[in-house]
J.: 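Here's a structure for you.
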Amino acid sequence: MELSDCSNEYEKLVVRMNMPRVVIDNGVCPNSTVVKIDSARSPGILLESVQLLTDMNLWIRKAYISSDGKWNMDVFHVSDLNGNKITDENLIRYIEKSIETSHYCKTEGYTGLTALELTGSDRVGLLSEVFAVLADLECDVVEAKAWTHNGRIASMIHVKDGNSGTPIDGDSDRVQRIEGQLRNLLKADEGYQNDTRTCVSYGGNTHMERRLHQRMFMDRDYEKKFDSEKSPIVSVQNLPKRGYSVVNLQCKDRMKLLFDVVCTLTDMAYIVFHAAIRTVGETAFLEFYVRHIDGNPVSSEPERQRLMKCLQAAIERRTIKGVRLELCTADRPGLLAEVTRVLRENGLSIARAEISTVDGIARNVFHVTDANGNLIDPEIIRSIREKIGIDDLSVKEPFPTCREEVEKEQHQEPQDHQGGYGGGTVLVSLGSLVRRNLYQLGLIKSYF
C-alpha cells in the first residue's frame with residue numbers, strides 16, 4: 001500500500017472519530033423533541049447544526065450549548081411549525097444522518113445556475129424593475145430571496161438562460177450587460193457612498209439566507225438608529241475572571257431566530273462557548289458566553305456598541321412586515337415581472353420576497369406594505385388579487401410566534417433565570433445557567 005493510501009485511510013478514521021453523535025428523544029419534554037448533539041469543536045460547527053435544523057422548518061424553542069475543552073454538547077428543543085413534536089421516523093432518521101454527515105459531506109443547493117447578488121438603496125418598485133430587466137434579457141428566475149432593512153435591500157437571485165436552461169457564464173458580454181443594467185437600477189442614495197453592489201457567481205450552492213446576512217452586514221445596514229421602543233434588547237458585559245463576554249438578548253420569539261443570531265456572531269468572528277436559549281410566552285431570551293476568534297472578550301466600548309447594533313439588525317432583518325401574499329401558479333416567462341409590476345402600480349412596497357420554482361410551478365411569497373411601511377387597505381389587496389388571479393394569489397396570516405402548547409410548557413418552568421437577561425440586569429453565573437440544565441438532561445453527572 002502506498003503512503004498516500006495510508007494517509008487517506010488515516011484521514012477517514014479521524015473523520016469517523018470526530019463525526020457528530022446525534023440522539024433524538026421524544027420522552028424528555030412533553031411538548032417538544034429534544035435533539036442532543038455531541039461533536040468535536042471546530043469553526044462553524046454550531047452554525048451548521050442550527051442551520052440544518054432551521055432549514056428543515058424546525059422551530060428551536062429552547063437550547064443549551066456548552067463547549068468543554070475540544071468537545072461540544074448541544075441540546076435543542078424543537079417542534080414543527082404547528083408546535084408539535086417530530087414523530088415521523090423517516091424524518092428523525094433523516095435529521096440524524098444530515099447532522100452526523102454535515103461537517104464532512106457538504107450538501108449543495110441548486111447547481112447549474114448563475115447567482116446574482118444585489119445590494120443597494122431600497123425604494124418602491126425596485127424588485128419589479130429588477131425582474132423586468134432579467135425578463136428582457138431572457139433570464140429565468142429559478143429561486144430568489146430579498147430582504148429590506150433600514151432603507152437598504154439585499155437580494156440573491158438564481159437564474160438560468162431562458163432558452164437553453166444553462167448557466168449564463170459562456171457569454172461575457174451578456175454578463176456585463178446584466179451587471180450594468182442592474183447596477184443602474186440600484187442608484188445611490190445621497191447619504192451613502194459606494195452604495196450599489198452587484199456580483200455574479202456560478203454554481204448556486206451558497207446558503208442564501210446566510211449570504212443575505214453577510215451582504216447586509218457588509219452594507220452596514222446596522223448603522224442607522226433603531227427605534228428603542230421596538231428594537232430587541234441587547235446587552236454585552238464582560239466577565240474578566242472567566243475571560244468571556246456575556247451577550248444577552250430579549251425579543252419576540254419567531255422561526256429562525258437562533259440561526260440569525262449565531263450567523264451574525266460567526267460572521268463577526270465570535271466563538272460561542274456556552275449558551276442558553278428559552279422562551280416564555282411570546283418572548284425569547286438568549287444568553288451567550290463568547291470570545292473573539294483571537295481568544296479575547298470584547299475589548300472596547302466601540303466594539304461593544306457595534307456588536308449590539310449588529311445583533312439588533314440581524315434580528316430585525318427577518319421581522320415580518322405587512323401583509324403576506326402567496327402566489328402559486330404555473331411558471332411562465334415574465335411571470336415575476338408581471339406580478340411585481342401590478343404590486344408596484346398599486347403603490348405597494350415589497351419588504352421581503354421568497355421566490356422558488358419546482359417542477360414548473362412557481363411558489364412565491366411577498367411581504368408587502370404601502371409606500372410608508374404601513375398596512376394596506378383591504379380594497380387594494382382585493383383589486384390586486386382580481387388582476388393577478390384570485391385562485392393564484394392568496395392572502396396569508398404571518399406565521400404565529402408561539403403556540404398554546406409551548407406557552408403551557410414554558411409557563412410551567414421555574415422562573416429562576418430572572419436578572420440574567422436584558423440590559424443592565426444582574427448576569428446569571430455560567431455554572432448556574434448552563435451546567436444546571438445539562439445536569440437535568442442527564443448529560444453531565446454533576447454541575448457543582
Side-chain angles (χ1 to χ4, degrees), residues 17-25 28-29 32-54 58 60-78 95-96 99-100 102-103 236-249 257-259 261-266 268-279 284-293 295-298 311 410 413-414 416-417 419-421 427-448:
M17 291 176 59
N18 291 294
M19 286 179 66
R21 296 167 177 80
V22 184
V23 176
I24 298 179
D25 192 341
V28 174
C29 183
S32 62
T33 299
V34 177
V35 181
K36 307 175 186 178
I37 306 173
D38 293 343
S39 60
R41 198 176 77 193
S42 59
I45 187 68
L46 173 60
L47 176 58
E48 289 181 5
S49 299
V50 174
Q51 178 177 303
L52 277 166
L53 293 174
T54 54
L58 299 180
I60 301 175
R61 306 288 189 174
K62 186 164 56 176
Y64 308 110
I65 296 159
S66 183
S67 174
D68 187 6
K70 295 183 178 180
W71 201 254
N72 289 342
M73 294 187 297
D74 303 332
V75 181
F76 302 97
H77 290 235
V78 303
I95 294 172
E96 291 174 337
I99 295 176
E100 288 173 349
S102 65
H103 197 51
V236 178
Q237 300 185 33
N238 284 350
L239 291 179
K241 292 183 178 180
R242 297 187 180 272
Y244 292 113
S245 291
V246 184
V247 180
N248 287 291
L249 303 97
L257 175 62
L258 182 58
F259 168 79
V261 173
V262 174
C263 182
T264 300
L265 289 172
T266 302
M268 295 184 72
Y270 290 99
I271 299 174
V272 176
F273 286 86
H274 303 276
I277 291 88
R278 68 187 181 107
T279 56
F285 300 90
L286 304 90
E287 183 170 68
F288 300 88
Y289 290 77
V290 304
R291 292 183 185 133
H292 198 265
I293 197 170
N296 296 317
V298 174
L311 290 173
Q410 301 301 344
E413 294 182 353
D416 56 348
H417 296 321
Y421 302 93
L427 296 173
V428 177
S429 68
L430 178 61
S432 64
L433 177 64
V434 178
R435 296 192 179 278
R436 181 186 65 80
N437 291 298
L438 293 175
Y439 169 74
Q440 289 178 342
L441 291 170
L443 297 180
I444 59 178
K445 294 181 179 179
S446 173
Y447 64 89
F448 294 105

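FYI, side chains are in, hydrogens and waters are out, and symmetry mates aren't considered; it's all heavy atoms of this structure. Model, not experiment: these values are computed from the prediction.
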J.: Rounded to the nearest 0.5 Å, how far does CD1 of I65 lie from CE of M73?
T.: 12.0 Å
J.: Would you say that Y270 contacts R291 through its side chain, given a criterion of any heavy-atom pair below 4.5 Å between the two side chains?
T.: no
J.: Does any part of the side chain of F288, heavy atoms only, come nearer than 4.5 Å to the side chain of N248, both counted from C-beta?
T.: no
J.: Walk me through it: do V23 and V34 pass the test side chain to side chain contact (heavy atoms under 4.5 Å, CB included)?
T.: CA-CA 8 Å; V23 176; V34 177; over 6 Å; no
J.: Tell me every residue that passes side-chain hydrogen bond (donor to acceptor under 3.5 Å, both in side chains) with T264, counting only those two or more places apart in sequence or in another chain.
T.: none
J.: Tell me, do H77 and Y64 make a side-chain contact under 4.5 Å, heavy atoms counted?
T.: yes
J.: Hey, are the side chains of R242 and Y289 touching, using non-hydrogen atoms and a 4.5 Å cut-off?
T.: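 No; the side chains remain at least 4.5 Å from each other.
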J.: Please name all residues satisfying side-chain hydrogen bond (donor to acceptor under 3.5 Å, both in side chains) with T266, sequence neighbours left out, ordered by chain then number.
T.: none
J.: How many angstroms lie between atom CE of M268 and atom NE2 of H292, to the nearest 0.5 angstrom?
T.: 8.0 Å
J.: With side chains defined as the heavy atoms from C-beta onward, is the minimum distance between I277 and I60 less than 4.5 Å?
T.: no
J.: So, do N72 and L46 sit near enough that their side-chain heavy atoms are less than 4.5 Å apart?
T.: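 In short, these two side chains do not touch, never coming nearer than 4.5 Å.
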J.: Testing the basics here: between D74 and F76, what is the closest heavy-atom pair and its distance to 0.1 Å?
T.: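 Answer, listing the atom of D74 first, then F76: CB-CE1, 3.6 Å.
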J.: Quick one: does any side-chain atom of N238 pair with a main-chain N or O of V298 as donor and acceptor, under 3.5 Å?
T.: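 Such a contact is found between N238 side chain and V298 backbone.
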J.: What pairs with I24 under side-chain contact (heavy atoms from CB on, under 4.5 Å), at least two apart in sequence or on another chain?
T.: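 Checked I24 against side-chain contact (heavy atoms from CB on, under 4.5 Å); matches are V22, T33, V35, I92, I95, E96.
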J.: Working to the nearest 0.5 angstrom, can you tell me the gap between K62 NZ and C29 SG?
T.: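 Between atom NZ of K62 and atom SG of C29 there are 5.5 Å.
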J.: Any side-chain heavy atom of L258 within less than 4.5 Å of one from L53?
T.: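 They are not in contact (no side-chain heavy atoms under 4.5 Å apart), so the answer is no.
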